[in-house]
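What follows is one structure encoded as structure tokens, with my remarks underneath.
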Amino acid sequence: MEMKKLIYRIKRSIWIYPVVYTVFAVIMAVAVIIVDARIFFNLSPYIPDLFTTSTDLAKTVLTIIASAFITIMTFTFSTTMLVLTMYSSQFSPRVVENFLTQKSTMKTFGIFVSGFMYSIISLLFIRDVLSDYRILAGTFGVFYIVVGLINFILYINNVGKYIQASNIIDRLYDKARRDIEGYRKEVEAYETYDREAIDNIEVKIRIKSPLSGYIQEVDYNRLFEIAKEKRILLIFDKLPGQFVTDEDTVAKIYYDRNSSLDDNLKDQIGEAIDIGERRTEIQDFSFSIQKLVEVALKALSPGINDPNTAIQCIRDLGLLLRELASLKVGYILVRDEEEENLSALYRESYDLDMILSDTFNQIIHYGQGDIYVMLAVIKAHRHILERADSRSRQFIMEHIGYLRNILMKKPYESLDQKMIDKELEEIRLRYKDE
């Protein structure tokens with residue numbers, strides 16, 4: 001778990017590409033210096049004169065390149081800060097990380113920093129002793145600045161795309177859709193049991209959270225291995241993304257006389273849970289959904305007042321939750337067929353009822369003054385109903401009833417009320433016999 005956490009942090013770090021590219025630039029500079037100084041061997045007979053320059057010309061070129069790289073790097077840094085400020089103020093502070101962790105953004109920074117380092121190191125080691133030689137340092141610098149300019153153009157193009165609200169929403173939607181699809185495949189591979197059946201199991205040991213914070217990742221494979229090794233029934237009733245304190249129960253254990261318990265059991269379970277100060281998207285697709293909700297809420301705020309962006313978010317939210325509507329609610333049973341029932345792991349699944357509340361309640365509260373926003377919310381519920389099973393349909397209809405009660409209290413104009421009644425009546429007629 002610790003190694004996976006370290007690898008994830010490295011991948012999400014904004015410094016990884018600048019560091020890697022800078023190391024590469026230093027190695028390349030040293031290699032070019034060795035070739036130019038003829039320290040170990042002389043390759044000049046094999047290098048075309050087209051690719052070599054005098055030392056004076058190389059110094060001039062490298063000086064210009066170093067100045068160009070530091071100027072472009074300053075401009076890029078300023079542009080990035082401006083984009084981050086805009087992301088935070090107009091969309092959501094949680095969306096800032098999505099821009100920073102884009103590979104294209106960090107690669108651009110890496111090329112600019114490494115190009116500057118190459119130029120400075122090459123200038124440092126061009127000595128008077130090389131004045132009689134034709135060297136490669138300036139030529140490599142020209143190649144580097146060409147690559148840098150191409151990446152600078154791509155960076156400007158990417159920034160132009162990233163600051164558009166529709167593109168931000170599409171990227172958040174695609175990320176959430178991929179995560180939900182992975183969760184669906186994982187859940188459908190196992191049996192699901194009702195919550196009531198699990199609640200009736202006699203609990204003999206309760207495991208508390210090792211830390212206070214957000215559950216970032218759970219190693220379910222490790223928990224299942226512990227259940228098999230100890231011959232216990234392990235019930236893990238927390239989900240990635242939930243906030244827990246060190247006094248909260250995260251797991252429950254049932255055992256019998258054939259179980260093999262030891263003093264390290266609590267520590268072993270705690271090591272399988274990664275808890276941090278903030279939520280991540282490693283196993284928590286609901287965090288991606290929350291980002292879409294926050295973009296919608298920001299669009300509905302008086303300072304922004306962009307209901308069309310909110311409507312686009314609501315449509316995407318309806319499509320995302322539709323993929324969850326057919327999944328059973330309860331606990332997912334993980335066990336080997338040849339193993340006895342006691343050596344098993346029950347892990348809690350996502351509750352559609354809770355997700356519906358977290359997704360739409362705030363949007364309804366802040367957007368009920370806009371008739372078209374409310375129509376989009378009703379249509380989103382209708383889309384979710386399209387793939388819902390009988391139990392999920394019951395939850396969704398309860399939320400539609402909640403929405404209807406709120407809308408009945410608003411003094412809409414007759415034409416607005418007519419549009420609302422039409423959408424609600426369409427849902428009622430379509431699902432009245434189901």
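Using a 4.5 Å heavy-atom threshold, the side chains of L317 and I363 count as touching. In this structure, the side chains of F236 and I207 stay at 4.5 Å or more apart for every pair of heavy atoms. Side-chain contact between I289 and I180 is present, with at least one heavy-atom pair separated by less than 4.5 Å. No side-chain heavy atom of Y193 sits under 4.5 Å from any side-chain heavy atom of I332. Annotation: side chain of F69 is not in contact with side chain of V113 (no heavy-atom distance under 4.5 Å).
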Throw together a table of side-chain donor-acceptor distances under 3.5 angstrom for residues 138-161, partners on residues two or more places apart or in other chains.
unit_1	atom_1	unit_2	atom_2	d
T139	OG1	F51	O	2.5
Y144	OH	S114	OG	2.7
N151	ND2	V147	O	2.9
Y155	OH	T76	O	3.3
Y155	OH	T80	N	3.4
Y155	OH	T80	OG1	2.5
N158	ND2	S104	OG	3.3
N158	ND2	L154	O	3.2

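Judged by distance alone, the side chain of S349 and the main-chain N or O of G330 form a donor-acceptor pair under 3.5 Å. Q242 places a side-chain N or O within 3.5 Å of a backbone atom of L239 that can act as its donor or acceptor partner. In this structure, the side chain of R393 engages the main chain of A388 through a donor-acceptor pair within 3.5 Å. Checking side-chain atoms of Q283 against main-chain N and O of V218 turns up a donor-acceptor pair under 3.5 Å.
The one candidate from R177, R178, K185, R387 that meets the salt bridge (charged side-chain N to carboxylate O under 4.0 Å, His left out) condition with E323 is R387. With respect to H381, the ring pair (Phe, Tyr, Trp, His ring centres under 6.0 Å) criterion is satisfied by exactly one of Y402, F395, F360: F360.
D284 and G241 make their closest contact through OD2-CA, 3.2 Å (heavy atoms, listed as atom of the first residue, atom of the second, distance). A pairwise comparison of heavy atoms in A137 and S122 identifies CB-CB, 4.3 Å as the closest pair. When all heavy atoms of S212 and D246 are compared, the closest pair comes out as OG-N, 3.0 Å.
Surrounding CD of Q164 are more than 12 heavy atoms belonging to other residues, nucleotides or ligands, all under 6.0 Å away. Heavy atoms of other residues, nucleotides or ligands lying less than 6.0 angstrom from CE of M73 number more than 12.
Taken to the nearest 0.5 Å, the CD atom of E413 stands 11.0 Å off from the CE atom of M419. Atom-to-atom distance recorded for R404:CZ and H399:NE2 is 13.5 Å, nearest 0.5 angstrom.
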Practice item. Go through F287 and R94 one step at a time and tell me if the side chain to side chain contact (heavy atoms under 4.5 Å, CB included) criterion holds. Key: CA-CA 9 Å; F287 189 37; R94 258 67 59 185; 3.4 Å; yes
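At a cut-off of 3.5 Å, with distance as the only test, a side-chain donor of S326 or R184 sits close to an acceptor on the other residue. In this model, a donor atom of one side chain and an acceptor atom of the other lie less than 3.5 Å apart for E281 and S288. Checked by atom type, the side-chain pair R279/S286 shows a donor-acceptor distance below 3.5 Å. For the residue pair E181 / Y183, no side-chain donor-acceptor distance below 3.5 Å is found, with atom types taken as modelled.
Between F112 and F77, the ring centre distance reaches or exceeds 6.0 Å.
A salt bridge links E423 with R382; the closest basic N to acidic carboxylate O contact falls under 4.0 Å. Between E191 and R335 a salt bridge is recorded (basic side-chain N to carboxylate O distance below 4.0 Å).
Legend: residues meeting ring-ring contact (aromatic ring centres under 6.0 Å, His included) with Y220, ordered by chain and number and at least two apart, are absent.
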